[in-house]
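Only heavy atoms go into these numbers, but all of them, side chains included; no hydrogens, no water, no symmetry mates. Here the structure is a predicted model, which is why all the values come from computation and not from measurement.
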Amino acid sequence: MLKTFRIGGIHPPENKLSAGQAIRKIELPAQVVIPLSQHLGAPAKAIVAKGDEVKVGTLLAEANGFVSASISSPVSGKITKIDTVIDSSGYAKPAIFIEVIGDEWLPEIDRSSDLKRECTLSSNEILEKIKAAGLVGMGGAAFPTHVKLVPPPDFKAEILIINGVECEPYLTADHQLMLEKSEEILVGVTLLMKVLNVTQAVIGIEANKPDAIKLLTEKATAYPGIQIQGLKMCYPQGGEKQLIEAITGKQVAPGTLPISTGAVVQNISTAFAVYEAVQKNKPLIERVITVTGKDIVTPSNLLVRLGTPMRALLEACGGIPPNIGKLIAGGPMMGRSLTNFDTPITKGSSGILAFNETESLRQPIENCIRCAKCIGVCPIGLEPYLISIVADQNDWEELERLHVMECIECGCCQFTCPAHRPLLDFCRLGKSKVGALLRQRAAKK
Amino acid sequence: MNECIIAIACLGGIGLILAVILYFVSKKFAVEADSRIDEIAEILPKANCGGCGYPGCKGFAEACVKANSLVGKNCPVGGASTMAKVAQILGLEASDVKPQIAVVRCQGDCTHRTRTNHYDGAKKCALASDIYGGETDCSYGCLGYGDCVEACLFDAISIDPSTLLPIVDETRCTSCGACVKACPKQLIELRPKGPESRRIYVSCINKDKGPVARKACNVACIGCGICVKKCSFDAITVANHLAYIDPEKCTLCHECVEACPQHSIVALHFSNSTELC
């Protein structure tokens, strides 16, 4: 039986143009740019200097604090400078620039494609390897994986949920990865189960990927404790809270961590990266990315080294469309619009989407008629219309009472609004202002 | 007829009893208010702008009476004359406060800053700056959607249609600071008005390295430090590739204005100077 979450959600046109396209590698670029802040939390601290020579896998920057992740070099070559680059946040951030020379890997990385199932490491050793590989949640939020795998002392993980939902329209990278690397993913899930000390893992996959459900169900019989759960198509099912609810039926209470329900959620790409980090000693240096859009000549799923400029990806898919109006990092619902074709690929990039000029323009904003469609689709049960009005009046205390901090920025409200009001923009503004208020209050105490 | 009389008598009776109770309660629990609070509130401008840092004019009046001191208290809207009256009522000395004015520290109009992308979201600076750095390569500069205009209670700030930058109307600006708080880029600063409204300031807050700043905007401060060398009064400091003129030390000698290779230092109301906008 297909499951889903209880309130809200939408089902936008899927447009999975690159579905079924085999994952292919692209040529190495001449230069890669590695932003030091590729994850949630404190930016990593660079431990290399200008002129240093690096190989694939050399540690470039180490985690700076508990919620942070280290970064390894995705290419071999020479550090040309440590400067700033405008990343997908739209602001200049510190980054390491590497000139690519050859393709020389560190000897301990196993580059063969043989499947390695057995693992004799203890759970602590696995965790250390995950940490050293600089793994982060690869669904988009880029939360450091090792932090999520160590629940706070009062909580105990009971179930591991693997997110193979990929509910964002256009994106197919996870789908293709499930088809091509199913065994590796299942080994990765087994490793994660060992770290968390749980006996049950559920892989949630939406019903629009029947081939992936079928394949993984067949293979999972050889892996004890792993179940595959089909899910109804509903955006934002890939959200952590929504997926927990869809699979376990438990809701995450406002203001609490998802672990309070006993569930830990990891992305399917992260599970694959865990396999590679633990069994193959390979740090997170490349990932699968969907390059798509109606005017892209060959929408594709590419295996790309981190730090590659988006321009190189677009060129590998038939060039930058002449009528491009907007380039989006991620999917159309939660992705961020970019200002520059040379924005580097980071650990959290799941796709590149090119919109043409007519598709990309926002509709003119009209008046709110209180139709409450936004309330109906909000998966959290917020009142986006009210949040936008209160945010416009700069009443941050009232916004806090409206639970704006619970917003997951899925964009269902803005997608649904018949008056094209910038509801999500105001929710984001409210979150940043209320977040600052809360931090200020915590600092006073 | 009888029912009418009974009803009137009952309601009248209840009303009378309640009135007596209310009278005694109000006498018994009367709050002694300092009459000076109302007196001061009466002479304040009643703009309730919050520029003094208190919740409205009444709040300011209460604070003045309660503290029984005027140190650090100033009504920017009323200015020195109002504060003198307040001081007279309280029998205190008014603290000496120099009149201030809002200064917008950006000159990046269309001719100086080239647009590198197009923003089609809601026209509100707070929303745009939450999303990204802006339509030009300078992520510090004015966005031009007028959050400051909306915040101003005195109609003292407006967007110049030719430059798309805010201009401050000197006759109306009360230096209440509402625009300073509203600007998400922290472009607006309250600076001393200066003798005959003469002021010299660095009209840029770009903290990027020199070449990056110059590429983004023709009139950006590149932190070259020439002004620091020219200044004989140690009024200028350069930090994070950006010069800042301390208004307390500046003697309005004009040396730095001519020396600045980027023309990012602005001198206002000098007879031979080019004015901003």
More than 12 non-hydrogen atoms from neighbouring residues, nucleotides or ligands closer than 6.0 Å to [atom1] on [X], yes or no?
X       : atom1 : result
E150(B) : CD    : no
K229(B) : NZ    : no
K185(B) : NZ    : yes
E366(A) : CD    : yes

Self-check item: Inter-residue atom distance K431(A).NZ - D130(B).CG, 0.5 Å rounding
Solution: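 Output value for this atom pair is 10.5 Å.
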Quiz item: Roughly how far, to the nearest 0.5 Å, is CG of N394(A) from CG of D147(B)?
Solution: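 The CG atom of D147(B) sits 8.0 Å away from the CG atom of N394(A).
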Mark yes or no for whether [X], through its side chain, and [Y], through its backbone, hold a donor-acceptor pair below 3.5 Å.
X       : Y       : result
D425(A) : L127(B) : no
N117(B) : T339(A) : no
Y91(A)  : Y132(B) : yes

Does any heavy atom of chain B fall under 4.5 Å from the side chain of [X], the backbone, both, or neither of them?
X       : value
S432(A) : side chain
R421(A) : neither
S360(A) : backbone
K326(A) : side chain

Exercise. Pick whichever of N340(A), I365(A), D392(A) has the most heavy-atom pairs under 4.5 Å with chain B.
Key: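 Maximum pair count with chain B is reached by D392(A).
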